[in-house]
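Below: one structure, written as structure tokens.
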2 protein chains.
Amino acid sequence: MGGESGPSVIVPALLNCLSKHKSVEAILYGDLQEVALYLSLCHDQALLSRIELVHCEGEVLDTDKPSDVIRARTPSSMSLAVEAVAKKYADACISAGNTGALMGLGLINLRTLPGVSRPAICTTFPTISGRSYVLDLGANVECSPEQLHQFAILGSLTAHLLDDIKEPSVRLLNVGVEEGKGSNQLQRTANLLSADPQLNYCGFVEGDGIFKGLANVVVCDGFAGNIALKAIEGFAMMIATILEDLLRSSWLARITLGIMSRSFEGLKHRLDPALYNGAYLLGLHGIVIKSHGSASKKAFENALEVAIEAAKHNLPKALAPLLTDKFRTNQKESV
Amino acid sequence: MGGESGPSVIVPALLNCLSKHKSVEAILYGDLQEVALYLSLCHDQALLSRIELVHCEGEVLDTDKPSDVIRARTPSSMSLAVEAVAKKYADACISAGNTGALMGLGLINLRTLPGVSRPAICTTFPTISGRSYVLDLGANVECSPEQLHQFAILGSLTAHLLDDIKEPSVRLLNVGVEEGKGSNQLQRTANLLSADPQLNYCGFVEGDGIFKGLANVVVCDGFAGNIALKAIEGFAMMIATILEDLLRSSWLARITLGIMSRSFEGLKHRLDPALYNGAYLLGLHGIVIKSHGSASKKAFENALEVAIEAAKHNLPKALAPLLTDKFRTNQKESV
């Protein structure tokens with residue numbers, strides 16, 4: 001059981017989640033001694049009966065190379081969780097561990113959906129009007145135009161299935177919105193996207209446009225996506241620290257915060273990075289959700305919610321025929 | 001006179017700036033009829049006598065191609081302002097207009113400092129502990145390792161000169177901090193930087209590390225830098241909008257805001273993007289400052305402050321011998 005805090009965060013988050021979702025059952029892979037400690041704090045026997053425990057001593061460290069993890073003979077909590085999805089014991093798996101290893105295990109055990117060469121890490125960013133799907137966020141540092149096209153299709157179909165948007169608007173992340181801006185690779189990608197009749201491609205978007213809600217789906221390579229995601233996380237954390245210092249600085253501030261608590265809760269609810277934790281490894285024959293390594297209990301709970309939402313929509317199964325149709329049509333047209 | 005608001009923002013900002021800095025004089029290039037309208041609101045004759053007006057009908061539009069601007073026969077307010085620096089009529093020029101055109105005019109009129117092949121757009125980002133210089137922010141979408149090495153030297157020397165830091169820490173923006181992360185280009189750049197004995201190179205930094213103040217100088221290509229900058233601008237604007245809605249939503253909120261105004265001013269002062277407006281076109285034989293096109297009066301005033309700070313330190317003149325030393329030493333070592 002990975003992440004920086006392991007069972008101390010994951011078990012309480014799971015207990016909260018199971019008390020909300022009565023029809024959900026869980027399998028916990030990890031060091032059962034440690035897990036038992038946190039489970040013992042729960043006295044709801046009916047709830048506990050919905051958790052299956054699988055003891056496992058193998059562990060994937062953040063420093064482990066994905067290739068070593070895949071070749072390892074001793075199963076790890078991560079490899080067992082991914083296998084459970086492959087063998088249909090589970091509808092989704094969630095991990096807060098090593099992203100590269102999770103991606104490698106996902107690829108080996110679940111393989112990619114039709115027409116998808118590599119999965120993308122995808123999550124939703126808050127916008128002024130709702131949320132936008134952004135991908136890739138770091139799985140593929142360099143991407144070919146063809147791969148970015150695949151991500152556009154995956155993102156568009158996901159926004160359609162999960163957010164019920166008829167024709168999701170898709171934009172490419174760039175350093176300007178004018179045609180001709182950006183690298184040759186981006187120009188070629190823009191051509192591919194605008195030539196695809198099944199995509200509602202709307203042109204380029206700059207970093208600020210994501211938060212203005214200018215697109216339902218924003219496509220970028222894993223380098224740009226990861227830089228943007230982490231920069232915003234860092235900026236949000238800085239604001240939170242400054243606000244906290246400010247509110248601690250005087251009794252007047254503490255009193256006014258008390259008066260304003262409901263309004264501030266509203267703001268926190270919109271901005272809290274915890275509420276955007278849980279990224280899809282999109283493009284696999286199975287649901288794999290990556291939680292932030294340093295996720296809090298609330299943040300891990302959100303990753304569980306993301307997994308449940310995807311499982312309810314049976315996301316990979318719903319994507320597969322749509323992808324087949326899409327790629328078939330594209331191939332026909334290009335003949 | 002460029003930018004989205006032109007003289008209506010620039011003239012009042014300049015008047016404020018001149019009233020603060022008694023030894024500063026200004027030359028205004030633009031449509032004098034329009035300028036006069038805003039100048040007429042000022043009745044301080046001594047202050048007005050420090051402003052020289054140069055009428056000019058030519059204008060660079062945001063949609064103009066840099067190559068067309070450089071070749072244009074009619075001088076524009078932008079070309080005259082850059083020429084004024086080249087001809088030593090002015091110590092610095094500030095523009096809120098077309099970035100590509102400003103860069104082109106800067107290159108043609110001012111040429112690059114020794115050892116610098118292309119200038120970089122550089123600005124400071126707020127961090128939890130102060131500020132960090134980040135470059136390039138969009139002038140060079142794709143950069144060679146050698147160019148990134150030049151940016152590292154430029155950034156390091158600038159932080160040394162302006163912020164009086166003895167050995168500024170320099171880091172490369174990447175999707176992870178472990179060696180081996182990122183593209184081959186970044187690996188090669190890391191090798192160049194760590195082999196330079198005159199740089200305090202400290203390794204990679206992720207997007208969130210900028211705001212944690214993990215480096216005095218963060219180096220990246222213009223694509224990554226621009227995406228990060230704009231994403232943060234967009235995120236900050238979204239927060240501001242949500243906060244405003246929240247505070248407008250109830251009388252209680254408005255009263256508490258009144259009580260808290262001083263604390264909130266402190267927060268705003270740290271976060272207000274206006275206070276980080278004004279980017280150096282670093283690496284030219286002259287000071288050229290780019291203001292955001294949609295800068296408010298306060299933001300443009302900050303760009304003027306950035307120009308004055310650079311002029312007080314005589315930045316390009318101070319950089320030139322240091323760069324010569326640095327490149328000479330590097331060349332000696334590589335012999």
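Below, chains carry the letters A, B, ... as their sequence lines are ordered, and counting in each starts from 1. Keep in mind it's a predicted model, so treat the numbers as computed, not measured.
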Margin query: As a quick check of understanding, evaluate side chain to side chain contact (heavy atoms under 4.5 Å, CB included) for B:Asn174 and A:Phe223, giving each step before the final call.
Written below: CA-CA 8 Å; B:Asn174 200 348; A:Phe223 193 86; 3.5 Å; yes
Chain B contact via [X] - side chain, backbone, both or neither, heavy atoms under 4.5 Å:
X	answer
A:Val175	both
A:Glu142	side chain
A:Leu137	neither
A:Leu173	both

If I take atom [atom1] from residue [X] and atom [atom2] from residue [Y], how far apart are they, to the nearest 0.5 angstrom?
X	Y	atom1	atom2	value
B:Met238	A:Phe125	CE	CZ	10.0 Å
A:Ile128	B:Thr241	CD1	OG1	4.0 Å
B:Phe235	A:Lys212	CZ	NZ	15.0 Å

Notebook entry, point to check: What are the two closest non-hydrogen atoms of A:Ile232 and B:Ala231, and how far apart are they?
Noted result: CD1-CB, 3.9 Å
Check: Passes side chain to side chain contact (heavy atoms under 4.5 Å, CB included), B:Asn226 versus A:Glu206? Steps please.
Finding: CA-CA 9 Å; B:Asn226 192 275; A:Glu206 295 184 74; 4.3 Å; yes
Note to self: Taking atom CD as the centre, does B:Glu179 end up with more than 12 heavy-atom neighbours from other residues, nucleotides or ligands that are less than 6.0 angstrom away?
What the structure shows: no
Check: Between A:Ile227, A:Val141, A:Ile210, which has the largest tally of heavy atom pairs under 4.5 Å with chain B?
Finding: A:Ile227
